[in-house]
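Here's the structure, in structure tokens; my notes come after.
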2 protein chains.
Amino acid sequence: MKPQYLQTLKQIALMGGIHDFVALSSAGLGRTMSISQQSASKRILELLDMGLVSRDLGTRAQRLNLTKEGVEALTREYADYKKIFELKDRLTISGTVATGLGEGQYYVQQNEYKVQFEEKLWFEPYEGTLNIKVGTSEVFKLNILEDSDGILIKGFESKGRTFGDVKCFPAKMRNVECAVIMPVRSHHTDVLEVISKHHLRSTLDVEDGNIVELTVFL
Amino acid sequence: MKPQYLQTLKQIALMGGIHDFVALSSAGLGRTMSISQQSASKRILELLDMGLVSRDLGTRAQRLNLTKEGVEALTREYADYKKIFELKDRLTISGTVATGLGEGQYYVQQNEYKVQFEEKLWFEPYEGTLNIKVGTSEVFKLNILEDSDGILIKGFESKGRTFGDVKCFPAKMRNVECAVIMPVRSHHTDVLEVISKHHLRSTLDVEDGNIVELTVFL
DNA sequence: ATTACTACAAAACGAGTAT
DNA sequence: TATACTCGTTTTGTAGTAA
């Protein structure tokens, strides 16, 4: 759909054409879009041709009304905008369940981390992580997470080993509360580590290779 | 703002450019919008020129990010769509308080109407109506009301006179519950009659000529 | 008043290609 | 690989004007 048609359709809808027939001269429509009467007239004809608007053409004035198809076209556009602006504080990432190296699990078991999880995430994590491998088309969302602050879990030293700062983001998988954890010093992978107070594999009934969807809150 | 710029801006936002810099080749951007690499490249240059996106142009790949102005432009567009789809079940009409012919008042006082108001609107109307004269630019909204069904108040005969069917719509003025009433056989005026269980003129502290805003629910 | 045709002008597009 | 220039083609826009 060419953007100028969408613009015209939107304008007709704004003038009331989404409800009902609305008196709208080609000159008037042109004025609101800063185009000439002739161009507006042409666009109306094209929209009629595409079946996106219907018209009641009297001798004195025409009245325009969006058709079902016209409303659907605008609805799709509206959905895009909703996606954009809801993505501003929420991120939906899909990927496949994978078996990690057990690294995350080792970290989560450290008591100094666990205490902070409980305090800052309001739940005590089950001793283990679920790894989600993100498809290439969505890896850019991981970059967004890496660049966002999240909830800071401070690092510490224990038995001569250094445990670095970790950040986490509240998240949900099929309405089960969980959280994404990642090192603050980003390690650029395509794998997300998820913790929860539940054993996610059994609670969600998933195993390696299953596709899951995760909503992360920024 | 030309619609093709908005389309491009929207696409960049959808690919993640509203959060952060996102790797996006001109060929890839073109593919998602069904335009050539050359045209996509040109549009990017134009958006840069207008200050709507910023770019980090590496040797291998460019990364794009919406600027504050770019986000604002999209926000305005989003607001239009919200208006369209919220207008679908709600109508905000502004006008000036006017003194009517007393016709509405006479009607509302008829007991047969009053009984139905109480039953169908959940309130007993104060014995009087507030008239609102709607500006020419908003008269089209009255047509929407005339063409909508609303809540039917049945007509009757009394003392040899016929009182026709009336319809009403729940409404609010500054959070005060009220209702718009109009004859089913439309009489095409630019005046709305509003009833409420309160005396609106004193409750809202308005008098003739004051501008008021009314939200009508369809 | 309208809408919309024709004829021309302006803008956008894209193939080829430089960088 | 990229991005982006030139330039011929296509699309879009509009002044004049008919209906």
Side-chain angles (χ1 to χ4, degrees), chain A residues 1-12 15-17 21-67 70 73 77 136-137 139-140 143, chain B residues 1-12 15-17 21-67 70 73 136-137 139-140 143 188:
Chain A
M1 164 92 80
K2 296 191 181 169
Q4 64 267 38
Y5 294 150
L6 220 50
Q7 179 203 27
T8 311
L9 207 56
K10 193 196 81 176
Q11 199 57 47
I12 296 171
M15 319 278 267
F21 280 94
V22 61
L24 200 42
S25 73
S26 54
L29 181 61
R31 217 171 301 122
T32 64
M33 295 194 296
S34 306
I35 60 174
S36 67
Q37 173 270 318
Q38 290 88 337
S39 296
S41 174
K42 203 161 120 193
R43 286 198 188 170
I44 291 169
L45 291 174
E46 289 159 339
L47 291 177
L48 284 168
D49 223 46
M50 290 186 279
L52 300 179
V53 304
S54 58
R55 177 162 74 164
D56 162 19
L57 180 51
T59 47
R60 298 201 146 272
Q62 67 186 342
R63 303 195 318 138
L64 300 174
N65 175 226
L66 300 215
T67 63
E77 194 69 6
T136 46
S137 65
V139 182
F140 78 89
N143 295 328
Chain B
M1 163 92 82
K2 298 193 180 168
Q4 64 268 38
Y5 294 150
L6 220 50
Q7 181 203 26
T8 311
L9 206 56
K10 193 196 82 176
Q11 198 58 47
I12 296 172
M15 318 278 269
F21 280 93
V22 60
L24 200 42
S25 73
S26 55
L29 181 61
R31 216 172 301 121
T32 64
M33 294 193 297
S34 305
I35 61 175
S36 69
Q37 173 269 319
Q38 290 89 337
S39 296
S41 172
K42 200 166 130 198
R43 286 198 188 171
I44 292 169
L45 292 176
E46 287 158 340
L47 291 177
L48 284 168
D49 222 44
M50 290 186 280
L52 300 178
V53 304
S54 58
R55 178 162 72 164
D56 161 21
L57 181 49
T59 46
R60 299 200 144 273
Q62 66 185 342
R63 303 197 316 140
L64 299 174
N65 175 227
L66 299 216
T67 63
T136 46
S137 65
V139 183
F140 78 89
N143 296 328
H188 265 292

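Since this is a predicted model, take the numbers as computed values, not measurements. Numbers restart at 1 for each chain; the letters A, B, ... are given by sequence-line order, proteins then strands.
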When you match A:Q4 and A:Q37 each to their closest nucleotide on DNA chain D, which lands nearer the 5' end? A:Q4
For DNA chain C, the residues among residues 38-48 of chain B that have a non-hydrogen atom under 4.0 Å from it: B:Q38, B:S39, B:K42, B:R43
Need the bend value for the helix from C:dT2-D:dA19 to C:dT19-D:dA2: angle between end axes, 5 pairs each end, nearest 10°. 40°
Rounded to the nearest 0.5 Å, what's the gap from CD on B:E46 to CD on B:Q4? Could you check? 7.5 Å
Going by side chain to side chain contact (heavy atoms under 4.5 Å, CB included), name the residues that satisfy it together with A:L6, two or more places apart in sequence or in a different chain. A:M1, A:E77, B:Y81
Residue list, side-chain hydrogen bond (donor to acceptor under 3.5 Å, both in side chains) with A:R63, at least two apart or on another chain: A:D56
Heavy-atom distance under 4.5 Å between the side chains of B:D49 and B:L45, does that happen here? no
Among residues two or more places apart or on two chains, list those pairs meeting salt bridge (Lys or Arg N to Asp or Glu O under 4.0 Å) that have a residue in residues 32-42 of chain B. none
Nearest atoms (heavy-atom pairs only) where A:S26 meets A:A40: O-CB, 3.2 Å
Go through the structure and list residues passing salt bridge (Lys or Arg N to Asp or Glu O under 4.0 Å) with A:R55, not counting sequence neighbours. none
Bounded by its outermost nucleotides with an atom under 4.0 Å from a heavy atom of chain A, the footprint on DNA chain D reads D:dT11 to D:dG16
Non-neighbouring partners of B:S25 that pass side-chain hydrogen bond (donor to acceptor under 3.5 Å, both in side chains), sequence neighbours left out: none
Minimum-distance pair of heavy atoms, taken over all atoms of A:A73 and A:L9: CB-CD2, 4.0 Å
side-chain hydrogen bond (donor to acceptor under 3.5 Å, both in side chains) partners of A:Q7, counting only residues at least two apart: A:R43
Chain B reaches DNA chain C, atoms under 4.0 Å from its heavy atoms, from C:dA11 to C:dG16
A:V22 vs B:N143 side-chain heavy atoms within contact, under 4.5 Å: no
Under the rule for side-chain hydrogen bond (donor to acceptor under 3.5 Å, both in side chains), what residues qualify as partners of B:S54, not counting sequence neighbours? none
